[in-house]
Number of protein chains: 2
Amino acid sequence: MKRLTIKDIANHFNVSISTVSKALNDSYEISVSTKEKIQRFAKENNYKPNFNALSLKSRKTKTIGIIIPNMLNYFFAQVFKGVEKVANKRGYKIISCISNESYEKEKETLEMLSNGSIDGVIVSIAEETELQNNFSHFENCIAAGIPIVMFDRVAERINCDKVITNDFDGAVNAVQHLVKTGFKNIAFISTISNLQIGRLRHQGYLKGLEKENIAIREDFIINIKEDDYKEYENVLTPIFAQKDIDAVITTDESSAIAAMKVAIRKGHTVPDNFSVIAFSNGILARHSSPKMTTVSQHGEQMGATAAEKLIDKLENNNDTHNETFIIKTDIVERKSTKSYMVVHN
Amino acid sequence: MKRLTIKDIANHFNVSISTVSKALNDSYEISVSTKEKIQRFAKENNYKPNFNALSLKSRKTKTIGIIIPNMLNYFFAQVFKGVEKVANKRGYKIISCISNESYEKEKETLEMLSNGSIDGVIVSIAEETELQNNFSHFENCIAAGIPIVMFDRVAERINCDKVITNDFDGAVNAVQHLVKTGFKNIAFISTISNLQIGRLRHQGYLKGLEKENIAIREDFIINIKEDDYKEYENVLTPIFAQKDIDAVITTDESSAIAAMKVAIRKGHTVPDNFSVIAFSNGILARHSSPKMTTVSQHGEQMGATAAEKLIDKLENNNDTHNETFIIKTDIVERKSTKSYMVVHN
DNA sequence: ATGAAAGCGCTAACAT
DNA sequence: ATGTTAGCGCTTTCAT
């Protein structure tokens, strides 16, 4: 039951532990014959150097932390996948934590991890933290020598690497796509108006309208609380009944589905006289009827980039330079919008 | 930048490191006054005992591993959430790995983790592993003193704690629900016929028919390869065209959605003359039109149970008894089936 | 080519 | 009440 150690191996061959250590590390100091027999024995007996002893000595754990606001969100799951892939490739383990959008949990997690458990951390800021605008726990972490890479939901004023989406441009493009396919009464439905990324998408929406010379209608900007997602349809129904909306851009999938249902129930045909584009690249988009056109965020690539950048920094101590990487969104055309092709015909 | 250690504190107060250690652990051996000043100093300077030193000494890491076949699967994400919640509550960290359904990856992960990184591991077996029927890596792990808890996809012959769903009964109930609401030509669509849980659901389906005195029709049993999920509709269309199927039970959400679409396209009205029940509790079920009735698996509860059981075992070394916990499924009635109520009226 | 010894940060048995 | 020491498993410098 007790795990094999170099001490055991040393005893077995009547050599010193340092000989064993060197032999296992293939040192030139050790004769080929002893290296061979020791390595073979180690292999046969499934020797594995103790992780904690190694980490204690080297002050490196080869593990990174990741703090995610909500694991049931497909986007975050994708990011996680990207991080895992890169971390695995480069020999790192991942300790993962869910903040549940809570400031306290996020803070406690960071403190728990900054005791030598991890070398660095990847984080997307909890909603509560963003609202409270209190980022000192991140500053402490960085000051303690644990590098941070933030993704998607980042804190402007924290000096660290960041991986973000071009939310603003994504919204501009979405508006222009809709206008080019014949829609002008475009509503903007946001479930994240309290988050920075929500504000950016909102601004992009406004900019898109401006570019297309469409007057802004304040009553076309619809903010919904995120947690009454079961209520989206109920919220939207009266609004759609009263207004001559013929297209929507939403900040998430659920509200896009709700909007589509309500529009269809009202008698619209999607995409012929009602179009919808949703931010996100989740599964819902691929399963709705009709399938949904999205502003896709490339979550996996964001995760991979964050991990690459973090590990680069961990393995290159003199790298003190911080960058912000912008992962471009793409409009993935499905069936909830008309395509340019059709229009050009 | 360098982290504060008890040695530093000892130097600062001109006492020995053991005094500091005892003071920080509130030992009765140390005078109240020195305890106070040392504890205050530690707190003010944000002292944190080094994780690796602690683990090396105690041979406990207070971290558990979790190996999941696919993080983009909502069910597994739910399980993860349950594990995280319990682990966090009981002071454990989680190292999470994705096997991507690969035997090699699963095996390597297990080996990587069994070097003292973790105290125990929670795992749902990769598809490839189940097909190869090769579980020696789990046996090695257990033999090395690292307890395993398996969930959902478990290996019968491995002697460890298990947390499973009553797949068989779930399918029986689904059949009976359909029959009671007036459907007799019930097809069974499986995307996981190669997995044990798939076989159990299949058998439950057969048993349900038997109980209801409905003849089995082999051509109503439809097995689809999981990875051509984009093709589900294409696969199903000709089948539905030829046969007088009026209800389906599916092993997953995606194929249920496809079945519903194909049925509707064929002219059926769901649920009036065509019903569907899907295994799973994902987001798709809540967003489809009509919303889908499911055999819900309670992923979060499964994760929580697995974590509780594993940690119980870790903290109670003489607990050598292994159990299998069955988490019951529930039929969650939504709009793709008629309800008993309607029938009884 | 091999070994002795120190040290990573901590705990705990054993002095004093 | 405080200190000394050994040891957790390993690497590495410095003998030999």
Side-chain angles (χ1 to χ4, degrees), chain A residues 1-39 41-42 45-63 113-119 144-146, chain B residues 1-39 41-42 45-63 113-119 144-146:
Chain A
M1 200 64 103
K2 190 187 159 292
R3 197 161 283 116
L4 195 68
T5 69
I6 51 172
K7 200 170 173 181
D8 300 326
I9 303 180
N11 286 339
H12 180 262
F13 287 111
N14 255 299
V15 294
S16 75
I17 58 164
S18 62
T19 301
V20 176
S21 173
K22 286 169 184 167
L24 290 173
N25 290 304
D26 225 11
S27 162
Y28 67 94
E29 292 180 277
I30 306 296
S31 75
V32 177
S33 64
T34 53
K35 276 203 282 196
E36 263 178 5
K37 71 178 181 191
I38 287 178
Q39 288 174 3
F41 182 84
N45 292 83
N46 199 24
Y47 168 78
K48 294 204 193 68
N50 179 286
F51 166 76
N52 291 117
L54 247 33
S55 299
L56 183 57
K57 191 101 237 290
S58 69
R59 293 188 167 96
K60 300 227 167 298
T61 62
K62 286 276 206 170
T63 113
L113 293 179
S114 53
N115 63 351
S117 299
I118 56 167
D119 297 340
I146 301 174
Chain B
M1 200 65 103
K2 190 185 160 293
R3 198 162 283 116
L4 194 68
T5 70
I6 50 171
K7 201 171 173 180
D8 300 326
I9 302 181
N11 286 338
H12 180 262
F13 288 110
N14 256 297
V15 295
S16 75
I17 58 164
S18 66
T19 301
V20 175
S21 174
K22 287 169 185 166
L24 291 173
N25 289 305
D26 225 11
S27 163
Y28 67 95
E29 292 181 276
I30 305 297
S31 73
V32 177
S33 63
T34 55
K35 276 203 282 197
E36 263 178 4
K37 71 179 180 189
I38 287 179
Q39 289 174 2
F41 183 83
N45 293 82
N46 199 24
Y47 168 79
K48 294 204 195 66
N50 180 287
F51 166 75
N52 292 115
L54 245 33
S55 299
L56 182 57
K57 190 102 234 294
S58 69
R59 292 187 167 98
K60 300 227 167 300
T61 61
K62 288 277 209 168
T63 111
L113 293 180
S114 53
N115 63 351
S117 298
I118 55 166
D119 297 339
I146 302 175

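What you see below is based on every heavy atom in this structure, not just the backbone, and it leaves out hydrogens, waters and symmetry mates. Note that the structure is a prediction, hence the values are computed from the model and not measured. Proteins come first, then strands; the chains are lettered A, B, ... in the order of their sequence lines, and each starts at number 1.
D/dT11 atom P lies 11 Å from atom CD1 of A/Ile9, rounded to whole Å. Computed from coordinates, the A/Lys62 NZ to D/dC10 C1' distance equals 17 Å when rounded to whole Å. As rounded to whole Å, 9 Å separates atom P of D/dT11 from atom CD1 of A/Ile17. To the nearest angstrom, P of C/dT11 lies 8 Å from CG of B/Leu24. One interatomic measurement links the two molecules: NZ of A/Lys57 to P of D/dC10, which rounds to 13 Å at whole-angstrom precision. Rounded to whole angstrom, the span from the CG atom of B/Asn11 across to the C1' atom of C/dG9 amounts to 13 Å. Protein atom NZ of A/Lys35 is 13 Å distant from nucleotide atom C1' of C/dT2, rounded to whole Å. Rounded to whole angstrom, the span from the CG atom of B/Asp8 across to the P atom of C/dC8 amounts to 10 Å.
Proximity of A/Tyr47 to the phosphate of D/dG9: no side-chain N or O atom is located under 4.0 Å from OP1 or OP2. Residue B/Thr34 places at least one side-chain N or O under 4.0 Å from the OP1 or OP2 atom of D/dT2.
Closest-nucleotide positions on DNA chain D for A/Lys7 and A/Glu29 were compared, and the one nearer the 5' end corresponds to A/Lys7. Remark on DNA chain D: of its neighbouring residues B/Val32 and A/Ile6, the 5'-side contact belongs to B/Val32, judged by nearest-heavy-atom nucleotide. Residues A/Thr19 and B/Asn25 both approach DNA chain C. Their nearest nucleotides, taken by heavy-atom distance, put A/Thr19 toward the 5′ side.
Side chains of B/Phe51 and A/Asn52 form a contact here, defined as non-hydrogen atoms less than 4.5 Å apart. A/Ile38 is listed as a side-chain neighbour of A/Leu24, based on a closest heavy-atom distance under 4.5 Å.
One can find a donor-acceptor pair under 3.5 Å joining the base of C/dA4 and the side-chain atoms of A/Ser18. At a cut-off of 3.5 angstrom, the base of C/dG3 holds at least one donor-acceptor pair with the side chain of A/Lys22.
Side-chain proximity of A/Ser31 to the nucleotides D/dT11, C/dA1, C/dG9 is greatest for C/dA1. When each of D/dG3, D/dT2, C/dC8 is scored by its nearest atom to the side-chain atoms of B/Val15, the top-ranked nucleotide is D/dG3. For B/Arg59, taking side-chain heavy atoms from C-beta onward, the closest of the listed nucleotides D/dT2, D/dC8, C/dT11 is D/dC8. Among C/dT2, D/dT12, D/dT5, the nucleotide with an atom closest to any side-chain atom of A/Ile30 is C/dT2.
The backbone N or O of A/Ile17 sits nowhere less than 3.5 Å from a side-chain atom of A/Ser21 that would complete a donor-acceptor pair. A donor-acceptor pair is defined here as one N or O able to donate and one able to accept, closer than 3.5 Å; such a pair exists between the side chain of B/Asp8 and the backbone of B/Thr5. Checked by atom type and distance alone, the side chain of B/Asn115 pairs as donor or acceptor with a backbone atom of B/Ser117 at under 3.5 Å.
Note on B/Leu56: a base of the nucleic acid sits closer than 4.0 angstrom, heavy atoms only. Across all strands, A/Thr5 comes closer than 4.0 Å only to sugar-phosphate atoms, never to a base (heavy-atom distances). B/Tyr28 comes within 4.0 angstrom of sugar-phosphate atoms only, judged by non-hydrogen atoms across all strands, and of no base.
In this structure, the separation between NZ on B/Lys35 and OG on B/Ser27 is 6.5 Å, given to the nearest 0.5 Å.
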